[in-house]
Amino acid sequence: MRVSLTPLRAAARGLGLAYGLASMMGSVMASGLVLGLVQPAAAQAQAAARGLPDFADLVEQVSPAVVNIRTTERAGEAPRGPFRRRAPLPQQGDEVPRGEGSGFILSADGYVMTNAHVIEGANEVYVTLTDKREFKAKIVGADERTDVAIVKIDATGLPWVKIGDVGRLRVGEWVLAIGSPFGFENSVSAGVISAKGRSLGPDESRVPFLQTDVAINPGNSGGPLFNARGEVVGINSQIYSASGGYQGLSFAIPVEVANKVRAQIEKGGKVQHAKLGVMVQEVNQGFADSFKLDRPEGALVANVEDNGPAARAGLRSGDVILGFKGQKIVSSGDLPALVDQSLPGDKVDVEVWRAGKRETLSVTLGDANEKGAKLAKGEGNADSAHGKLGLALRPLQPEERRQLGAREGLLIEEVGEGSAAARAGVRPGDVLLAINGTPVQSVDQVRGAVQGAEKSVALLVQRGSDKIFVPVRIG
């Protein structure tokens, strides 16, 4: 395959920097300070004084424990038709390439860690060492929820990695990745830790990702992220990209999360994850004002699973979870990761903010692998609560209550154009279930709550089968 590379000089000219670079280089050469050319010893001393790392020794030390992983699958029945090809198509049962990734050796007897998505759907897994030896691997186990997998090769006396402490890892610290981007084995890239504890949305919220600016591309998946001491602190897993290639944001699974999965896999049992049984959302300034919190932090409980662990412990919609198992909850994304790293049956303390004060509830966590109950779904003439909110409300009819599964609430029939509720995204047809965490039963109750609010109110609305808190600024 021919690869087109852009010369640095041409790139500089394209950016309008050629003259500036030439002038700078002329000045530097005149002063005898061209790094690595005129005074290499002085350049190295200056680099050391600035604290710039030299990863050469580190790479030489750790790279033998990094492996390339390729997978194959069995071809289905070959398509039939009138056309012939020069190269024969794979026939049913033939082994065809499926994908490539990276991994790292955990022990001298051949245990290897990688991403679950690297081996997903594979019929065969092959591990290639840096000395070009290739082994057929056995899949020991994989956990889709955390994207961690363990495979085993039949070998002994192998080099293995050291495991680091993510708790000691600091934002801004140098880190190094080794892997096989686009199939280029044993490629090295370096950068810094950009952030810790990143939540990548609802589907990935169980893992508190490490964010880095290390160049990661397809094929790096499953490879190790090393700290400057040569210890693995993460598994390179994802990139944030509009193009499919590296754009400055890469994410790694913390090794402490992976190790908990590894321990369960190597014991031969299935990987277990705990369940709290709540749906949460972020606390913004509007919610903080509504619930009289000092600052916008914590996880706002929007929905509670019927007869789930949280419901049995007394958690309710409108509670703000501030602490879990002794850990402070700053962002709503902190909670799912802490819950998922616990085990079913664990008894934990959950600190909540309720009705303007802190309470601590004891919760016995459930099993996320068990199919539990669904999250709870959220008479007279129409009345109006236009005023500060801009809503026209009426009580739910008995049939509507049965259809929605709602024991209480008011139907939002109209939303005033340009009103506070409209600006917040409330729609006609939504059902207002609670205001500032208190279930609503009448229009007068809503009107009184709004009149007593200073800046904003938090509306719990049901839209279809979903429930969500909506902060509405009224002042």
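Residues N259 and I163 form a side-chain contact, since some pair of their non-hydrogen atoms from C-beta on lies under 4.5 Å apart. Contact of the V161 side chain with the V62 side chain is not registered, since no non-hydrogen atoms from C-beta on lie closer than 4.5 Å. Side chains of L176 and L225 form no contact here, defined as non-hydrogen atoms less than 4.5 Å apart. Between V125 and T114 the shortest side-chain heavy-atom distance does not fall below 4.5 Å. In this structure the side chain of R170 never reaches within 4.5 angstrom of the side chain of I193, judged on heavy atoms. At a threshold of 4.5 Å between non-hydrogen side-chain atoms, the residues V431 and L433 count as touching. Looking at T360 and V350, their side chains never come closer than 4.5 Å, going by heavy atoms from C-beta outward. Counting heavy atoms from C-beta outward, I69 and Y126 have side chains that stay 4.5 Å or more apart.
Between the side chain of S342 and the main chain of L338, a donor-acceptor pair closer than 3.5 Å is present. W353 contributes no side-chain N or O that, together with a main-chain N or O of L322, makes up a donor-acceptor pair within less than 3.5 Å. A donor-acceptor pair is defined here as one N or O able to donate and one able to accept, closer than 3.5 Å; no such pair exists between the side chain of Q61 and the backbone of D57. The backbone N or O of V214 lies less than 3.5 Å from a partner atom in the side chain of S250, making a donor-acceptor pair. No donor-acceptor pair under 3.5 Å is formed between the side chain of T156 and the backbone N or O of D109. The backbone N or O of G167 sits less than 3.5 Å from a side-chain atom of D165, completing a donor-acceptor pair. Side-chain atoms of S187 never come within 3.5 Å of backbone atoms of P181 as a donor-acceptor pair (strictly under, hydrogens ignored). A donor-acceptor pair under 3.5 Å is formed between the side chain of S456 and the backbone N or O of G286. Remark: the backbone N or O of Q272 is paired with a side-chain donor or acceptor of Q264 at under 3.5 angstrom. In terms of modelled atom types and a separation under 3.5 Å, the side chain of E231 and the main chain of N227 share no donor-acceptor contact.
Atoms CG and CG, on L391 and L389 in that order, are 5.0 Å from each other to the nearest 0.5 Å. Rounding to the nearest 0.5 Å places CD1 of I239 at 10.0 Å from CZ of F251. The CG atom of L365 lies 11.5 Å from the NZ atom of K347; values are rounded to the nearest 0.5 Å. How far CG of L315 is from CD of E359: 9.5 Å, rounded to the nearest 0.5 Å. In this structure, CZ on F104 lies 5.0 Å from CE on M113, to the nearest 0.5 angstrom. Interatomic distance, R316 CZ to N303 CG, rounded to the nearest 0.5 Å: 14.5 Å.
F182 CZ: more than 12 foreign heavy atoms inside a 6.0 Å radius. Counted within 6.0 Å of CZ on R427, heavy atoms from surrounding residues, nucleotides or ligands total 12 or fewer; the atom is thus considered open. More than 12 heavy atoms of other residues, nucleotides or ligands lie within 6.0 Å of CD in Q285, so this atom counts as buried by the packing criterion.
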Evaluate the side chain to side chain contact (heavy atoms under 4.5 Å, CB included) criterion for residues V140 and V151: first the C-alpha distance (whole Å), next the side-chain angles of each, then the deciding distance (0.1 Å), finally the verdict. CA-CA 5 Å; V140 181; V151 302; 5.6 Å; no
Show the numbers, then the answer: is there a side chain to side chain contact (heavy atoms under 4.5 Å, CB included) between V257 and V148? CA-CA 9 Å; V257 173; V148 175; 5.6 Å; no
Quick one, E173 with R168, criterion salt bridge (charged side-chain N to carboxylate O under 4.0 Å, His left out). Give me CA distance, side-chain angles, the key distance, then yes/no. CA-CA 10 Å; E173 185 174 329; R168 295 177 56 193; over 6 Å; no
Using the side-chain hydrogen bond (donor to acceptor under 3.5 Å, both in side chains) rule, take D466 and Q462 through it: C-alpha gap first, then chi angles, then the decisive distance, then the call. CA-CA 6 Å; D466 296 327; Q462 180 170 331; over 6 Å; no
Using salt bridge (charged side-chain N to carboxylate O under 4.0 Å, His left out), reason through K138 and D154 one step at a time and then give a plain yes or no. CA-CA 9 Å; K138 173 187 175 183; D154 188 12; over 6 Å; no
Evaluation steps, side-chain hydrogen bond (donor to acceptor under 3.5 Å, both in side chains), between T130 and N186: CA-CA 7 Å; T130 54; N186 307 111; 5.4 Å; no
Start with the C-alpha distance between E305 and K275, add both sets of side-chain angles, then the distance that settles side chain to side chain contact (heavy atoms under 4.5 Å, CB included), and finish with yes or no. CA-CA 10 Å; E305 180 184 283; K275 177 180 70 172; 3.3 Å; yes
Please walk me through it: do V207 and Q238 pass side chain to side chain contact (heavy atoms under 4.5 Å, CB included)? CA-CA 12 Å; V207 176; Q238 299 194 38; over 6 Å; no
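For the pairing with V320, the side chain to side chain contact (heavy atoms under 4.5 Å, CB included) check across I329, L293, V301 returns one residue only, L293. Among V280, N284, L300, N436, the single residue meeting the side chain to side chain contact (heavy atoms under 4.5 Å, CB included) criterion with F469 is L300.
Closest non-hydrogen pair, D213 versus S194, comes out as N-OG, 3.5 Å. Taking all atoms of both residues into account, the shortest heavy-atom contact from A424 to P471 is CB-O, 3.5 Å. Scanning all heavy atoms of the two residues, the minimum distance from I235 to A258 falls at CD1-CB, 3.6 Å. Listed here is the closest heavy atom pair of P254 and P208: CG-O, 3.0 Å. Closest approach of A299 to L335, counting heavy atoms only: CB-CD2, 4.2 Å. Shortest non-hydrogen contact noted between G333 and P336 is O-CD, 3.5 Å.
Taking 4.0 Å as the cut-off between side-chain N and carboxylate O, D143 and K270 do not count as a salt-bridged pair. Using a 4.0 Å cut-off between charged side-chain N and carboxylate O, R145 and D340 make a salt bridge. A salt bridge between E351 and K328 is absent, with no side-chain N of the basic residue lying under 4.0 Å from a carboxylate O of the acidic one. No salt bridge links E256 with K260; every basic N to acidic carboxylate O contact stays at or beyond 4.0 Å. Using a 4.0 Å cut-off between charged nitrogen and carboxylate oxygen, E100 and R70 do not count as a salt-bridge pair.
For T128 and E134, the side-chain atoms include at least one donor-acceptor pair closer than 3.5 Å. Using modelled atom types and a 3.5 Å distance limit, the side chains of S332 and E282 yield a donor-acceptor pair. For S180 and N68, the side-chain atoms include at least one donor-acceptor pair closer than 3.5 Å.
Note that R198 lies outside the cation-pi zone of F209, set by a 6.0 Å cut-off to the ring centre and a 45° limit from the axis.
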